[in-house]
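Note that the coordinates shown come from a computational prediction; the quantities given were computed from them, not determined experimentally.
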Amino acid sequence: MSQAKPQITVLIPCYNVADYLEEALTSIVRQTETDLEILCLNDGSTDNTGDILRRFANEDPRFRLLNHTQNQGIINSRNTLLAEARGHLLAWFDADDIAHPNRLSKQKAFLEQRSDHIAVTCEYIEFSEHDEIYRKRDPRDVSRETLLFYNYVLNPGTMVRADVLKEASITFDETLAGASDYQFWVDVSRHGQIGVIHEPLMRYRRHNQQESTAQIRRQLQGCQQIVTRQLAAMGVNIPDENLMAQFLIYPADILKLPYSTKSMRTAALIGAQILSCYERASYTDEVAVLTVHLLRRHAVRTGLAGLYYFTRTVGLKKFLEGKYFGAALALDCLRRKY
């Protein structure tokens, strides 16, 4: 007789995480929600990750272990876990993070009470050896509009309905330079709302491997690719993809790239196209709000030239609206205050 499906499968890719794995797995074992399949994939680790996994599996029958004899990478590992998961709900978790004891029970309850939501994420504590930061999230749900320019979903802190992924054939994209989780949640958001629990249900570890210059560049390049894809599907032509980092602001700020009249002019061209076609692409007015705020942030970085292109793009009425526009914007552009 076949076993009943567990309510939740926790999906945990593991690669050389022996230093953190015991603490991470203990936080899952001690969850108040107990109807779990704890599905771990050892992706060719060369430390004693495998020994730790086997010890936990010997002590707890909810564990199921998968193994790659050679390292296949995080995207392949995530897709393997997706293909093997048996639960009705799938909860991502990273093998160096720590889950609040009520994380899974609260996310399960959220989805049980809201049939119109297909996934739920949470706020979290980002921590390292040196500090910790409470990462709050906007009170609204995460939608395809929210995800147009930025990924607001913490992948290892999110739960999703398995049937949605199966019916829509959603997996992780292996063609991206980085940020494959961003594309994953963009694809999910096309099929329904992603809720947010406004409590820190995760402790997300930040360490040196994540902060290498090469890794940061790959992640930001992936983010730019994903935004470009979404805009192209909307009907937006990107006049200079080399300036997408400046259009989005955060990649350019992180990489300390320069802003210029040329970058503002390119941003204005992109913004004008978005404002003219987002409704035809079935996006809500939230896209217009987000676009105008991106242009404002670019304008104050480029001075009076930025003010000129901003006003020409959004129109005089929009320029005069709100406390962050009009005279306040003109003054900020003069001072380059941002």
#### Entry: side-chain contact (heavy atoms from CB on, under 4.5 Å) evaluation trace for Trp185 with Asn155
CA-CA 8 Å; Trp185 296 112; Asn155 189 73; 2.8 Å; yes
### Message
Run Arg86 and Arg64 through side-chain contact (heavy atoms from CB on, under 4.5 Å) and show every step you take.
### Response
CA-CA 11 Å; Arg86 298 169 179 164; Arg64 184 156 66 96; 3.4 Å; yes
### Task
Apply the test side-chain contact (heavy atoms from CB on, under 4.5 Å) to residues Cys277 and Val236: give CA-CA distance (whole Å), side-chain angles for both, the deciding distance (0.1 Å), then the verdict.
CA-CA 8 Å; Cys277 70; Val236 174; 3.8 Å; yes
### Task
Tell me, with the steps shown, if Thr9 and Glu37 meet side-chain hydrogen bond (donor to acceptor under 3.5 Å, both in side chains).
CA-CA 5 Å; Thr9 294; Glu37 172 188 45; 2.6 Å; yes
### Task
Just do the salt bridge (charged side-chain N to carboxylate O under 4.0 Å, His left out) check on Arg161 and Asp163 with the steps written out, would you?
CA-CA 6 Å; Arg161 300 185 193 276; Asp163 57 351; 5.7 Å; no
### Message
Between Val10 and Ile12, is the side-chain contact (heavy atoms from CB on, under 4.5 Å) condition met? List the steps.
### Response
CA-CA 6 Å; Val10 185; Ile12 312 176; 3.9 Å; yes
### Audit row: His298, Phe247, ring-ring contact (aromatic ring centres under 6.0 Å, His included) steps and yes/no
CA-CA 7 Å; His298 204 134; Phe247 172 72; 7.8 Å; no
### Task
Please step through side-chain hydrogen bond (donor to acceptor under 3.5 Å, both in side chains) for the pair Gln183 and Arg229, ending with a clear verdict.
CA-CA 10 Å; Gln183 183 65 58; Arg229 283 181 180 182; 3.3 Å; yes
### Task
Please report the C-alpha distance between Tyr278 and Asp285 in whole Å, then the side-chain angles of each, then the deciding distance to 0.1 Å, and finally whether the side-chain hydrogen bond (donor to acceptor under 3.5 Å, both in side chains) criterion is met.
CA-CA 8 Å; Tyr278 74 89; Asp285 288 341; 2.7 Å; yes
### Task
Starting from the C-alpha separation in whole Å, work towards a yes-or-no answer on side-chain hydrogen bond (donor to acceptor under 3.5 Å, both in side chains) for Ser77 and Asp43.
CA-CA 7 Å; Ser77 295; Asp43 188 27; 3.2 Å; yes
### Query
After noting the C-alpha distance and the side-chain angles of Glu23 and Arg203, does the key distance pass the salt bridge (charged side-chain N to carboxylate O under 4.0 Å, His left out) rule?
CA-CA 11 Å; Glu23 185 178 24; Arg203 288 181 61 81; over 6 Å; no
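Lys108 has no carboxylate O lying under 4.0 Å from a charged side-chain N of Asp35, or vice versa, which leaves the two without a salt bridge. Residues Arg54 and Asp51 are paired through a salt bridge, judged by an N-O separation under 4.0 Å between the basic side chain and the carboxylate.
Between Leu290 and Leu148, every side-chain heavy-atom pair lies at or beyond the 4.5 Å cut-off. Between Thr291 and Phe149, the closest side-chain pair of non-hydrogen atoms falls below 4.5 Å. Counting heavy atoms from C-beta outward, Leu36 and Pro6 have side chains that stay 4.5 Å or more apart. Under the 4.5 Å side-chain criterion, counting only non-hydrogen atoms from C-beta, Leu154 is not in contact with Arg135. At a threshold of 4.5 Å between non-hydrogen side-chain atoms, the residues Asn79 and Glu174 count as touching. Here the side chains of Met244 and Ile238 are in contact, with some heavy-atom distance below 4.5 Å. For the pair Ser169/Thr171, no side-chain contact is recorded, criterion being any heavy-atom separation below 4.5 Å from C-beta on. Residues Leu81 and Pro13 have side chains in contact (heavy-atom distance under 4.5 Å, counting atoms from C-beta outward).
Gln31 CD to Leu104 CG: the interatomic distance, rounded to the nearest 0.5 Å, is 4.0 Å. Summarising the geometry, atom SG belonging to Cys40 is positioned 5.5 Å from atom CG belonging to Leu25; distances are rounded to the nearest 0.5 Å. Remark: Asp47 CG to Asn16 CG distance equals 4.0 Å, nearest 0.5 Å. Atom CG of Leu53 and atom CG of Asn42 lie 5.5 Å apart (nearest 0.5 Å). Rounded to the nearest 0.5 Å, atoms CD (Gln7) and OG1 (Thr34) are 10.5 Å apart. Note that CD of Glu241 is 9.0 Å distant from CD of Gln225, once rounded to the nearest 0.5 Å.
Between the Arg205 side chain and the Ala95 main chain, no donor and acceptor come within less than 3.5 Å of each other. A donor-acceptor contact shorter than 3.5 Å links the side chain of Ser27 to the backbone of Ala99. The backbone N or O of Ala245 lies less than 3.5 Å from a partner atom in the side chain of Gln224, making a donor-acceptor pair. The backbone N or O of Gly44 sits nowhere less than 3.5 Å from a side-chain atom of Gln70 that would complete a donor-acceptor pair. For Tyr259 (side chain) and Val300 (main-chain N/O), no donor-acceptor pair under 3.5 Å exists by modelled atom type. Judged by distance alone, the side chain of Ser263 and the main-chain N or O of Leu243 form no donor-acceptor pair under 3.5 Å. Checked by atom type and distance alone, the side chain of Tyr152 never pairs as donor or acceptor with a backbone atom of Leu147 at under 3.5 Å. Although no hydrogens or angles enter the test, the distance criterion places a donor-acceptor pair under 3.5 Å between the side chain of Arg301 and the main chain of Arg297. Remark: side-chain polar atoms of Arg78 are not paired, donor with acceptor, to backbone N or O of Trp92 under 3.5 angstrom.
When the side chains of ILVMFWY residues are joined at heavy-atom separations under 4.5 Å, either directly or via intervening members, Leu176 and Leu248 end up in a single hydrophobic cluster. In this structure, Tyr308 is a member of the same hydrophobic cluster as Leu295, with clusters built from ILVMFWY side-chain heavy atoms closer than 4.5 Å. Both Leu11 and Ile118 are members of a single hydrophobic cluster when ILVMFWY side chains are connected at heavy-atom separations under 4.5 Å. Clustering ILVMFWY residues whenever any of their side-chain heavy atoms sit less than 4.5 angstrom apart, transitively, puts Leu269 in a cluster other than the one holding Leu294. Residues Val289 and Leu231 fall into different hydrophobic clusters, defined by Ile, Leu, Val, Met, Phe, Trp and Tyr side chains chained together at heavy-atom separations under 4.5 Å.
Arg206 and Ser128 form a side-chain donor-acceptor contact under 3.5 Å, judged by distance and modelled atom types alone. Looking at Arg218 and Gln221, their side chains never bring a donor and an acceptor atom within 3.5 Å of each other. Side-chain atoms of His198 and Glu123 form a donor-acceptor pair, as typed in the model, at a separation below 3.5 Å. Side chain to side chain, Thr175 and Asp173 meet the donor-acceptor criterion of an N or O pair below 3.5 Å.
The minimum heavy-atom distance linking Cys14 with Leu21 is given by the pair SG-CD1, 4.2 Å. Pairing each heavy atom of Gly306 with each of Thr302, the nearest pair is CA-OG1, 3.2 Å. Summarising the geometry of Cys122 relative to Leu201, their closest heavy-atom pair is SG-CB, 3.9 Å, with the distance given to 0.1 Å.
Cation-pi geometry between Arg296 and Phe310 is not satisfied (NZ or CZ under 6.0 Å from the ring centre, within 45° of the ring normal).
The local environment of CZ in Phe127 is crowded, with over 12 non-hydrogen atoms from other residues, nucleotides or ligands closer than 6.0 Å. Within a 6.0 Å sphere centred on CD of Glu129, other residues, nucleotides and ligands contribute 12 heavy atoms or fewer.
In this pair, Phe63 and Phe56 present their aromatic rings tilted. The plane angle is within the 30 to 60° band.
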